[in-house]
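Read the numbers this way: they start at 1 and go in the same order the structure lists the ligands and their atoms. In what follows, every heavy atom counts, from backbone to side chain, and hydrogens, waters and symmetry copies are set aside.
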Amino acid sequence: MPQAITRQNFDQWMLPVYAPADFIPVRAKGSRLWDQQDKEYIDFAGGIAVNALGHCHPQLQQVLIEQSARLWHTGNGYTNEPILGVAKQLTEATFADRVFFCNSGAEANEAALKLARKYAHDQGNPQKRGIVAFKNAFHGRTLFTVTAGGQPAYSADFAPLPPDISHARFNDIESARAAINSHTCAVIVEPVQGEGGVIPASAGFLQALRELCDQHGALLIFDEVQTGVGRTGALYAYMKYGVEPDVMTTAKALGGGFPIGAMLAKEHCARVMTVGTHGTTYGGNPLAGAIAGKVLSLINTPETLAGVSEREQYFRRGLADIMQRLPVFSEVRGEGLLIGCQLTERLQGKAKAISLAAARQGVMVLIAGASVIRFAPALNIPFADIDEGLNRLAQALHAVVQEAG
Ligand SMILES: *Cc1c(COP(=O)(O)O)cnc(C)c1O
């Protein structure tokens, strides 16, 4: 018999870029998950805003099985029916005229930034190459996207970095106005900063970015990798804000747990990406396409989207209850089922410790920086699972507060 796999094997064999929990999940259903010891967890993390329909959704499983018996991959010398179906769904549902498919959020943003540079090049202005991004933003881990991200800790060690990327202050119109000029080819922004602490943009801020981009001939790119596919209660967050980008990226929930990403663009800028200018081997494969098509058809319904807002209210009421009993959160913020809880003064820096305590009590939560607890549960999480998960979280918080004294 082969030796059993344990958590220690991670430290032995894996590139040490993560510090995963001390248990190994082995199976899951809906919003509940079990580890090797058959301990049960309520999932408030959703695989980092990915498992938008919960784990092992029967209709996604069905599509996966059916497509896996038909066609998995052909390479980009051939197109396929499932992915063209997703392109139709996305262009019909959004501002966009064209879609490029890839496998992750970082790749989608990489494509968006390359498109922006080429769009400016094609206008014959070599000076127009500046990319304006925002402090604390997160756009992925490729060298280009990690440089666009506004957390120098993630990029500095990999210098030299791609030049002409600057960072204005998020939600600060004057700071954006000072950074955006005729040399700017694109502005990239998350409608709600996810990794940066669950900080929603103000409507006025996104509107001002739209106007500044129009004024200076720059493309406005919305990174909706985390906020997209129903997360905020709208199919895409820009729809709630009423501000349209020229380019938008989506990934995470788009595959409901199967890797897929996409960059969406208006015709006027999409057309610069001519044959051979960009590509990927796996992007837009039929297996990913079949699953994403089903994910979109299940999420983009008035019932599912309304359900997100109902669950948000329910979740927030539960958090308010906890706050009445325990002085743990100074603010609860976010949009839809992307919720961030700012820890109070005495719990500063304790987000990781709280997430570990939560796991011990049987609930999985995310953090966003050292002092924010983040929730990104399935959009269809049962109300009973919200209750049970919050009960377990309250026990964990109680324990951490006792320890903090
Ligand atoms: C997760 C995330 C990314 C990166 O996506 P990957 O699939 O991890 O490459 C980019 N932007 C935002 C806003 C994200 O939340």
Side-chain angles (χ1 to χ4, degrees), residues 15 17-18 20 45-52 100-116 131-151 153-155 158 165 167 170-171 186-201 206 209 220-232 234 236-238 240-241 245 247-264 280 282-285 288 291-292 295 334-340 366-369 372 374-377 379:
L15 197 76
V17 291
Y18 307 119
I48 318 187
V50 167
N51 302 310
F100 170 77
F101 288 100
C102 51
N103 315 289
S104 68
E107 281 175 82
N109 285 328
E110 184 83 16
L113 296 173
K114 284 179 71 177
L115 177 151
I131 289 164
V132 174
F134 294 92
K135 293 187 199 306
N136 264 320
F138 185 79
H139 298 299
R141 298 290 200 150
T142 65
L143 198 58
F144 204 172
T145 57
V146 83
T147 308
Q151 304 194 48
Y154 290 168
S155 60
F158 305 102
I165 300 174
H167 295 89
F170 187 70
N171 269 342
V187 174
I188 183 167
V189 67
E190 297 159 86
V192 181
Q193 284 193 335
E195 304 299 312
V198 191
I199 304 174
L206 294 187
L209 294 183
L220 180 59
I221 304 170
F222 281 173
D223 177 347
E224 293 232 26
V225 169
Q226 189 153 163
T227 53
V229 200
R231 177 59 48 194
T232 67
Y236 285 96
Y238 83 83
K240 258 178 129 168
Y241 281 96
V247 176
M248 183 183 80
T249 55
T250 179
K252 290 202 165 99
L254 183 58
F258 195 91
I260 181 171
M263 174 193 67
L264 284 67
T280 152
Y282 291 123
N285 69 77
I291 296 166
V295 168
E335 290 287 336
L337 284 173
L338 179 56
I339 299 173
L366 298 167
I367 64 176
V372 176
R374 174 173 43 146
F375 308 103
L379 307 184

What donor-acceptor contacts under 3.5 angstrom involve side-chain atoms of residues 141-149, with partners at least two apart or in another chain?
{"from": "Thr142", "atom 1": "OG1", "to": "Glu110", "atom 2": "OE1", "distance (Å)": "2.6"}
{"from": "Thr142", "atom 1": "OG1", "to": "Thr145", "atom 2": "N", "distance (Å)": "3.2"}
{"from": "Thr142", "atom 1": "OG1", "to": "Thr145", "atom 2": "OG1", "distance (Å)": "2.7"}
{"from": "Thr145", "atom 1": "OG1", "to": "Arg141", "atom 2": "N", "distance (Å)": "3.4"}
{"from": "Thr145", "atom 1": "OG1", "to": "Thr142", "atom 2": "N", "distance (Å)": "3.0"}
{"from": "Thr145", "atom 1": "OG1", "to": "Thr142", "atom 2": "O", "distance (Å)": "3.2"}
{"from": "Thr147", "atom 1": "OG1", "to": "Leu143", "atom 2": "O", "distance (Å)": "2.5"}

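In this structure, Phe101 has no ring-ring contact (aromatic ring centres under 6.0 Å, His included) partners at least two apart in sequence or on a different chain. Annotation: ring-ring contact (aromatic ring centres under 6.0 Å, His included) contacts of Phe138 (sequence neighbours excluded): none.
Counting only heavy atoms from C-beta outward, the side chains of Asn136 and Gln151 approach each other to under 4.5 Å. Residues Ile188 and Asn109 meet the side-chain proximity criterion, which asks for heavy atoms closer than 4.5 Å. The side-chain heavy atoms of Leu206 and Leu220, taken from C-beta on, include no pair separated by under 4.5 Å.
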Run through all N or O atoms in ligand 1 and write down each protein N or O closer than 3.5 Å, as a pair with its distance.
{"from": "ligand 1", "atom 1": "7 (O)", "to": "Gly105", "atom 2": "N", "distance (Å)": "2.8"}
{"from": "ligand 1", "atom 1": "9 (O)", "to": "Gly105", "atom 2": "N", "distance (Å)": "3.4"}
{"from": "ligand 1", "atom 1": "9 (O)", "to": "Ala106", "atom 2": "N", "distance (Å)": "2.8"}
{"from": "ligand 1", "atom 1": "11 (N)", "to": "Phe138", "atom 2": "O", "distance (Å)": "3.2"}
{"from": "ligand 1", "atom 1": "11 (N)", "to": "Asp223", "atom 2": "OD1", "distance (Å)": "3.3"}
{"from": "ligand 1", "atom 1": "11 (N)", "to": "Asp223", "atom 2": "OD2", "distance (Å)": "2.7"}
{"from": "ligand 1", "atom 1": "15 (O)", "to": "Gln226", "atom 2": "NE2", "distance (Å)": "2.7"}
{"from": "ligand 1", "atom 1": "15 (O)", "to": "Lys252", "atom 2": "NZ", "distance (Å)": "2.6"}

